[in-house]
Student: 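Below: one structure in structure tokens.
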Amino acid sequence: MIHNLSYRAFVYSTESEEKVREAICTLLPTALPEKEVTEGYHNNPVIILHGKITKKREINDFLEKLRSLKPSVKKRF
């Protein structure tokens, strides 16, 4: 049994924060990621979006989405 899901996504300066947020919400529609700004190795800005899902229904919805993915898509993970 899964009690919670933690997630973390890194947004580098060449990427769109909005697109990364949309991707997170595609898999976890109720996610409200917190934002942390830090620096990369070469002093470039890096945004970390992170959070935790604890509701059983939301976890089950996420797992169902993973199960429904085609095998070719799963290989990318």
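Each residue takes its place number in the sequence, starting with 1.
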Student: Are Ile2 and Leu69 connected, step by step, through hydrophobic side chains (Ile, Leu, Val, Met, Phe, Trp, Tyr) whose heavy atoms are closer than 4.5 Å?
Tutor: yes
Student: Side-chain atoms of residues 3-11: list all donor-acceptor pairs with protein atoms under 3.5 Å, sequence neighbours left out, distances to 0.1 Å.
Tutor:
none

Student: List the atom pairs, donor and acceptor, that lie under 3.5 Å between side-chain atoms in residues 20-30 and the rest of the protein, sequence neighbours left out.
Tutor:
| residue | atom | partner | partner atom | Å |
| --- | --- | --- | --- | --- |
| Arg21 | NE | Glu17 | OE2 | 3.1 |
| Arg21 | NH2 | Glu17 | OE2 | 3.3 |
| Thr26 | OG1 | Glu22 | O | 2.9 |
| Thr30 | OG1 | Glu58 | OE1 | 3.1 |
| Thr30 | OG1 | Glu58 | OE2 | 3.2 |

Student: Could you list the donor-acceptor pairs under 3.5 angstrom formed between side-chain atoms of residues 46-57 and any protein atom two or more places apart in sequence or on another chain?
Tutor:
| residue | atom | partner | partner atom | Å |
| --- | --- | --- | --- | --- |
| Arg57 | NE | Asp61 | OD1 | 3.4 |
| Arg57 | NH2 | Asp61 | OD1 | 3.3 |

